[in-house]
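Have a look at the structure below, then the notes.
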Number of protein chains: 2
Amino acid sequence: MPAIAKTSESDVIDAARSIIADCGIDGITLHALADSVGIKAPSLYKRFAGREEIIRRVQLTEFTDLARNIAAETLDLPPQDAVRTIARIYWNLSLERPRIYEALFSGASITEPEDLAVRTSAMLPIFDACRALAGAGVALGAARTVTAYIHGFITMNMAGVFQQSPGIEGSYYFGLNAIIKGIASPAE
Amino acid sequence: MPAIAKTSESDVIDAARSIIADCGIDGITLHALADSVGIKAPSLYKRFAGREEIIRRVQLTEFTDLARNIAAETLDLPPQDAVRTIARIYWNLSLERPRIYEALFSGASITEPEDLAVRTSAMLPIFDACRALAGAGVALGAARTVTAYIHGFITMNMAGVFQQSPGIEGSYYFGLNAIIKGIASPAE
DNA sequence: ACCTGAACACCGTTCAAGT
DNA sequence: ACCTGAACACCGTTCAAGT
């Protein structure tokens, strides 16, 4: 009957977050996670359905932080600056916390409506900027283009496809500027 | 002393390829792979260093096929058409054999020079087209931009980020055209 | 020379038993 | 109510033993 709780749901998610940040998504074992909050692995199942759900919760937390950060940094910015700022936020994240960036987009395709809402909120500032840049008619396509480019460039860069060439950040913004120009005056 | 070989290196790689095509990279266990070529799992270590090497060999094979396919389909095409053709080849691959597309870019960052050479050969037609489109000075940046966009869009689409909206392929080519236009006349 | 069974360390997960 | 040890099925990998 005593049942003293040694940890809490948010403690576990925080611990999972820091393990992922250090060791990546493959480094998070239930044994290591349980150990870092002072319990045994089976006890995790009293709070979570399993490993997948824990990872999903970390993704949700990180995406929420990211969306808030993006919203704050792009507030009242002209659309071109907003797009460049968002691109910079993702770029810096991929350099400063690469394993978190990877984890954000890996595994667990979006099924829960909760996940979708958070992801949409992170994309909203891009959509708004694209509408201002390219017009409401093509805003969605333009937003997808910018999003795809940012994610694709960062992913390939982290994978080493572009080598560790010094001009890589220059290429990143060169491409971004080309896209901003391209969507502002789409091909006839 | 007899030592009758029940299988061969290329048999194993072929079997691995079809398992990955069906079940994805997580579905390929050494037990299942060994079973499908009629041996036991430990015997695989007589031919390969381990699971990682087998997967790398499949990636290498698939990339070689892809590079050959791209080279053949873009032969003597004007640069804009070459870029659109390459984009279409990747898009179709992601629809027809999604697990192979995923496997192509997942895990095992490029360390061996052999891997790099194959990947470079797959990118060469994009580079050539971009040089014709944007000039030698920015050709590398332009090629990276196109590559990043294609990969990013397809990855996010497969992950479900863009929903299964019917206009998604339209967005894909809208963005591609915007990029072609943008890199042909980069922002001043 | 190639194959095999047995074993090892390590996963995620379940469950009966403790308090 | 939360925690635990023991167990299960399943991984990749190693190795001594077969032919």
Side-chain angles (χ1 to χ4, degrees), chain A residues 1-61 99 102-103 106-109 111-112, chain B residues 1-61 99 102-103 106-109 111-112:
Chain A
M1 219 98 98
I4 299 157
K6 296 184 173 181
T7 183
S8 70
E9 208 175 278
S10 62
D11 273 359
V12 174
I13 298 301
D14 278 353
R17 193 144 66 140
S18 90
I19 291 177
I20 290 176
D22 290 343
C23 312
I25 211 159
D26 289 333
I28 185 168
T29 68
L30 295 196
H31 177 272
L33 177 57
D35 208 54
S36 80
V37 295
I39 61 174
K40 303 294 175 183
S43 299
L44 289 168
Y45 289 81
K46 289 291 159 183
R47 305 180 193 275
F48 304 96
R51 184 176 182 270
E52 283 289 286
E53 197 210 328
I54 294 173
I55 292 173
R56 199 182 68 83
R57 289 283 304 274
V58 172
Q59 291 175 325
L60 221 54
T61 304
R99 325 306 297 262
E102 285 168 13
S106 74
S109 55
T111 49
E112 314 290 330
Chain B
M1 222 100 97
I4 300 157
K6 297 184 173 179
T7 183
S8 71
E9 207 175 281
S10 62
D11 274 358
V12 174
I13 299 301
D14 277 353
R17 193 142 70 135
S18 91
I19 292 177
I20 290 176
D22 290 342
C23 312
I25 211 159
D26 289 334
I28 186 168
T29 69
L30 296 196
H31 178 272
L33 176 58
D35 208 55
S36 79
V37 294
I39 61 174
K40 302 294 174 183
S43 300
L44 289 168
Y45 288 83
K46 290 290 160 183
R47 307 180 192 274
F48 305 96
R51 184 175 183 272
E52 284 288 286
E53 198 210 327
I54 295 173
I55 291 173
R56 199 182 68 83
R57 289 283 304 274
V58 172
Q59 292 175 324
L60 221 53
T61 304
R99 324 306 296 262
E102 285 169 12
S106 73
S109 55
T111 49
E112 315 290 329

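Order of the sequence lines sets the chain letters (A, B, ...), proteins ahead of strands, with each chain counted from 1.
In this structure, D/dC2 forms a base pair with C/dG18, meeting either the Watson-Crick or the G-U wobble geometry with both donor-acceptor distances under 3.5 Å. Both distances falling under 3.5 Å, in either a Watson-Crick or a G-U wobble arrangement, place D/dA7 opposite C/dT13.
Judged by closest nucleotide on DNA chain C, A/Pro42 is the one of A/Lys46 and A/Pro42 placed further toward the 5' end. Nucleotides of DNA chain C nearest to A/His31 and B/Leu44 differ in position, and the one nearer the 5' end is that of B/Leu44.
The CD1-P distance, from A/Ile25 to C/dG12, rounds to 12 Å in whole Å. The CG-P distance, from B/Asp35 to D/dG12, rounds to 13 Å in whole Å. Rounded to a whole Å, the CD1 atom of B/Ile54 is 12 Å from the C1' atom of D/dT13. In this structure, the CG atom of B/Leu30 is 9 Å from the C1' atom of D/dC11, given to the nearest Å. Distance, B/Ile39 CD1 to D/dG12 P: 14 Å, rounded to whole Å. Per the geometry, CG belonging to A/Asp26 stands 14 Å off C1' belonging to C/dG12, to the nearest Å. Rounded to whole angstrom, the span from the OH atom of A/Tyr45 across to the C1' atom of D/dC8 amounts to 13 Å. Distance, B/Phe48 CZ to D/dG12 C1': 16 Å, rounded to whole Å.
Note on B/Ser43: every side-chain N or O is 4.0 Å or more away from OP1 and OP2 of C/dC2. Between A/Lys40 and the phosphate of D/dC2, there is no side-chain N or O to OP1/OP2 separation shorter than 4.0 Å. Under 4.0 angstrom from either OP1 or OP2 of D/dC3 there lies at least one side-chain N or O belonging to A/Arg47.
Smallest separation of non-hydrogen atoms from A/Arg99 and A/Cys23: NH2-O, 3.9 Å.
In this structure, CD1 in A/Ile55 is found 4.5 Å from CD1 in A/Ile25, a value given to the nearest 0.5 Å.
Side-chain contact between A/Ile54 and A/Arg47 is absent, with no heavy atoms from C-beta onward closer than 4.5 Å. A heavy-atom distance below 4.5 Å is not found between the side chains of B/His31 and B/Lys40.
Contacts of A/Ile28 with the nucleic acid, taken as non-hydrogen atoms under 4.0 Å apart, involve only primed sugar atoms and P, OP1 or OP2.
With A/Glu102 contributing its side chain and A/Gly24 its backbone, the two residues share no donor-acceptor pair below 3.5 Å.
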